[in-house]
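Written out below as structure tokens is the structure these notes cover.
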Amino acid sequence: MSSAAPPFPDRIELTGEGLVLRDWTEADLAAMPDLFDHPDVAYWTPLVSPFDAAAARARLDRDRQLRAQGAAILLAITVDGGAPLGEVMLRRAPEGTELGYAVGPAHRGQGLAVRAVRVMAAYAFEQLGADQVILELEAENSASVAVATKAGFTRLDVPLVTGEEKGRPYALQTWGLDRR
């Protein structure tokens, strides 16, 4: 972590848009495979597949490590602070403050990702002083394009981010939302 990026708080709970975004806990480990062990999540995200109990443990440990380093925060998406329905992430990256998300298959179609991204973006603007937040997504991921659009993001005129992960090439568009 550079000296320019202050550490994140030890505990974070964000509310808004009918959601409570909260820290992952040990009690959430059993729920994580149901949220993340799905072909869509495996294809569109860098999360490991299969996503089992060991992957959940590693994810929680990595979350805590990234938070302590001031690099990223990962929060459970809930409606009431209880059962996790997905995850929203904020990462401090060289290209900017990046957001990401994954919603469990059983919880899709409720606008959870759009609302979680809006709440996390507000946190980035109000608490971290970000001037812009970005999403990096594949054009073919129509669900993520819809989330970006509904959350107020616009596609930025910057080169595609290309690479290979899990044995397949990808080309990510960068979408941005500016502080209002």
Side-chain angles (χ1 to χ4, degrees), residues 1 7-93 97-121 123-124 133-138 140-144 146-148 151 161 163-170 172:
M1 178 179 84
F8 292 116
D10 289 337
R11 294 186 34 84
I12 298 175
E13 182 174 285
L14 309 176
T15 59
E17 302 261 347
L19 298 177
V20 177
L21 308 180
R22 62 160 176 81
D23 293 321
W24 287 104
T25 68
E26 301 288 329
D28 297 322
L29 289 171
M32 292 171 89
D34 287 339
L35 298 174
F36 303 135
D37 190 35
H38 188 271
D40 285 347
V41 174
Y43 189 82
W44 296 117
T45 76
L47 292 175
V48 299
S49 180
F51 196 99
D52 56 13
R57 173 83 262 163
R59 181 86 176 155
L60 182 60
D61 292 345
R62 182 75 175 139
D63 166 29
R64 291 174 175 167
Q65 179 184 32
L66 292 170
R67 169 96 53 104
Q69 294 170 348
I73 51 174
L74 293 86
L75 300 176
I77 301 170
T78 77
V79 293
D80 58 4
L85 309 175
E87 174 177 89
V88 64
M89 175 271 304
L90 180 146
R91 181 175 75 98
R92 291 177 171 143
T97 303
E98 180 185 358
L99 305 182
Y101 50 85
V103 174
H107 310 292
R108 295 181 185 159
Q110 303 173 46
L112 295 171
V114 171
R115 293 184 286 149
V117 164
R118 285 183 190 145
V119 172
M120 190 65 96
Y123 174 78
V133 293
I134 61 172
L135 296 170
E136 292 180 338
L137 52 96
E138 294 182 65
E140 297 81 15
N141 186 344
S142 58
S144 280
V147 167
V161 177
E164 184 174 316
E165 190 160 22
K166 299 181 190 175
R168 76 172 189 90
Y170 62 81
L172 303 175

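Quick note: residue numbers are just sequence positions, from 1.
Side-chain contact between D23 and L75: present, with at least one pair of heavy atoms (C-beta onward) separated by less than 4.5 Å. In this structure the side chain of V41 never reaches within 4.5 angstrom of the side chain of F51, judged on heavy atoms.
Atom CZ of R168 sits in a crowded spot, with more than 12 heavy atoms from other residues, nucleotides or ligands closer than 6.0 Å.
Distance alone, capped at 3.5 Å, is enough to place a donor-acceptor pair between the T78 side chain and the V20 backbone. Remark: side-chain polar atoms of D37 are not paired, donor with acceptor, to backbone N or O of P50 under 3.5 angstrom. Judged by distance alone, the side chain of K166 and the main-chain N or O of Y43 form no donor-acceptor pair under 3.5 Å.
The side-chain tip of R92 points at the ring of F8 from less than 6.0 angstrom away and within 45° of straight on.
Here the CD atom belonging to Q110 is positioned 10.5 Å from the CD1 atom belonging to I77, to the nearest 0.5 angstrom. Between Y170 atom OH and N141 atom CG the span is 14.5 Å, to the nearest 0.5 Å. Considering CG of D40 and OG of S49, their distance stands at 11.0 Å, rounded to 0.5 Å. The CE atom of M32 lies 8.5 Å from the CG atom of L47; values are rounded to the nearest 0.5 Å. Within the model, atoms OG1 of T45 and CD of E165 stand 8.0 Å from one another, a figure rounded to the nearest 0.5 Å. The distance from the CG atom of L85 to the CG atom of D34 is 12.0 Å, given to the nearest 0.5 Å.
Considering all non-hydrogen atoms of both residues, P9 and Y123 come closest at CD-OH, 3.6 Å. Nearest heavy atoms, A121 versus V133: CB-CG2, 3.9 Å. Residues L137 and A148 share a closest heavy-atom pair of CD2-CB, 4.1 Å. Nearest heavy atom pair, residue P33 against residue A53, reads CG-N, 4.1 Å. Of all non-hydrogen atoms in A116 and L21, the two that sit nearest each other are O-CD1, 3.8 Å. Nearest heavy atom pair, residue F36 against residue A102, reads CE2-CB, 3.9 Å.
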side-chain contact (heavy atoms from CB on, under 4.5 Å) for W44 and E140? Distances and angles first, verdict last. CA-CA 10 Å; W44 296 117; E140 297 81 15; 3.8 Å; yes

Assess the residue pair L66 and I73 against the criterion (side-chain contact (heavy atoms from CB on, under 4.5 Å)); give the C-alpha distance rounded to whole Å, side-chain angles, the decisive distance to 0.1 Å, and a yes or no. CA-CA 7 Å; L66 292 170; I73 51 174; over 6 Å; no

Using the rule given for side-chain contact (heavy atoms from CB on, under 4.5 Å), can you reason through L29 versus L60, listing the C-alpha separation, both sets of side-chain angles and the distance that settles it, and then say yes or no? CA-CA 8 Å; L29 289 171; L60 182 60; 3.9 Å; yes

Can H107 and L35 be said to form a side-chain contact (heavy atoms from CB on, under 4.5 Å), step by step? CA-CA 9 Å; H107 310 292; L35 298 174; 3.8 Å; yes

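Using a cut-off of 4.0 Å between Lys/Arg side-chain N and Asp/Glu carboxylate O, R59 and E87 are scored as salt-bridged. Salt-bridge formation is not detected for the pair E13/R22: no Lys NZ or Arg NE/NH1/NH2 atom is positioned less than 4.0 Å from an Asp or Glu carboxylate oxygen. Remark: R64 engages E26 in a salt bridge, criterion side-chain N to carboxylate O under 4.0 Å. We find that R67 and D10 are not joined by a salt bridge, their nearest charged nitrogen and carboxylate oxygen being 4.0 Å or further apart.
Looking at residues two or more places apart in sequence or on another chain, you find a side chain to side chain contact (heavy atoms under 4.5 Å, CB included) between A113 and Y101, V103, V147.
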